[in-house]
Amino acid sequence: MLPEMLRHRCFWTCRRQVFSYEVAMPELPEVETVVRTLRPQVLGCRIERVDVLRERSLHPLSLPVERLAGTRISAVRRRGKLALLDLEPPAAAAAVPVPSLLAVHLRMTGRFMVHPEGAAPLKHTRVIFHLQRPDRCRAQLFFDDVRAFGLVFAATPALLERWDFWCSLGPEPLDMGPGELGPRLRGGRAIKAALLDQTVLAGIGNIYADESLFRAGIDPRRPAGELSEAEADRLRRAVQEVLRESIAQCGSSIRDYRDANGNVGAFQNTFFVYGRGGQACRRCGSTLEKSRIAGRATVSCPRCQH
DNA sequence: CCATTAGCCTGGACGC
DNA sequence: TGCGTCCAGGCTAATG
């Protein structure tokens, strides 16, 4: 039987962790925030053991997680919407390939949380990484994922080459210079569909696609290939501006909070269009239009976007 | 070439 | 109160 006090402490710890990491619909800025907050907690840690609570949360190409045992986390970084943990092999030479990278796609609801040794799995914990910190203390890294779309991939460079998604990832939006976006926007499909295409550029999801197009003053239905070079560059700058602002606010796209945590106002102030269909445009006062493009809920301003 | 849709999944919002 | 239905999202696979 779990003592009441311990349960309470567990709950409190969880809430505190949730406060640090819960970001709705992780896109590039949210993954960047997760990576930045995770880094100081797991960098230099040795993975002692991995428990997979839901087999399907492992990528089909992933190496068996047993081979992660003994590796050391040497870097925590991001590529598009992927969180990446670089791994150093254990001292003893292995007879089988050892993963050098752990790639995690959070998809909709994936989340990392560090818990003390011995903490019980939560309702939606999918994978547990048992860690030994540089100071020899032990901890657990939980990969929680309510909707179970997220994926964990223990990979070697050779395996990554077989992962189409990885191989065809477009450039990092924040690294794109003038004139680099336009040539990637060929074709007659909607510009919003192109922005969501991870092979065009990596890391944009539904929120930042809509927000970027609003800031650039471009109608999301416009054929991508028909944007002028000037428009494409305005869009590139809008994308970068939105992403940078969001990262600066630690992924302020936080919602779903059990209120009263002080983040309720941030959501409304950050977004011009996302989730605001039917409401007044913050710039011109027109009623924002709801539509569906590329299968996604889309909001745009009929007056500000052409 | 392009677009659309189902499927994967759960919880929250909604109507009755 | 408890059903059923729909929706949200990223990505893949299949179909038009």
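Heavy-atom basis, side chains included; hydrogens, waters and symmetry copies ignored.
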Colleague: It should be established whether A/Tyr274 places a side-chain nitrogen or oxygen under 4.0 Å from OP1 or OP2 of nucleotide C/dG9.
Modeller: yes
Colleague: Go through residues 146-153 of chain A and report each residue with a non-hydrogen atom lying under 4.0 Å from DNA chain B, sorted by number.
Modeller: A/Val146, A/Arg147, A/Phe149
Colleague: Listed by chain and number, what are the side-chain hydrogen bond (donor to acceptor under 3.5 Å, both in side chains) partners of A/Arg79, not counting sequence neighbours?
Modeller: A/Glu172
Colleague: Would you mind telling me which of C/dC11, C/dG9, B/dG11 lies closest to the side-chain atoms of A/His105?
Modeller: C/dC11
Colleague: Could you pull out every donor-acceptor pair under 3.5 Å between side chains of residues 148-171 of chain A and any protein atom, sequence neighbours left out?
Modeller:
residue, atom, partner, partner atom, Å
A/Thr156, OG1, A/Leu159, N, 3.2
A/Trp163, NE1, A/His59, NE2, 3.1
A/Ser168, OG, A/Asp164, O, 2.8

Colleague: Is any side-chain N of the basic residue among A/Lys192 and A/Asp210 closer than 4.0 Å to the acidic one's carboxylate O?
Modeller: yes
Colleague: Choose from C/dA8, B/dC9, B/dT10 the nucleotide whose nearest atom is closest to any side-chain atom of A/His124.
Modeller: B/dT10
Colleague: I need the CG-C1' distance between A/Leu169 and C/dG10, as an integer number of Å.
Modeller: 13 Å
Colleague: From C-beta outward on A/Arg296, which listed nucleotide comes closest to its side chain: B/dC9, C/dC11, C/dG9?
Modeller: C/dC11
Colleague: Between A/Phe142 and A/Phe112, is the gap from one ring center to the other below 6.0 Å?
Modeller: no
Colleague: Does A/Arg215 pair with A/Glu241 as a salt bridge, N-O distance under 4.0 Å?
Modeller: yes
Colleague: Please report the distance, rounded to the nearest Å, between CG in A/Asp144 and P in B/dG11.
Modeller: 13 Å
Colleague: In plain terms, say whether A/Arg77 and A/Asp86 are close enough for a salt bridge, that is, a side-chain N and a carboxylate O under 4.0 Å apart.
Modeller: yes
Colleague: Compare the minimum distances between each of B/dT10, C/dG10, C/dA8 and the side chain of A/Arg126, then state the nucleotide with the smallest one.
Modeller: B/dT10
Colleague: Choosing from B/dT10, C/dC11, C/dA8, which nucleotide comes nearest the side chain of A/Phe165?
Modeller: C/dC11
Colleague: When you measure from the side chain of A/Arg292, which nucleotide among B/dC8, C/dC11, C/dA8 comes out closest?
Modeller: C/dA8
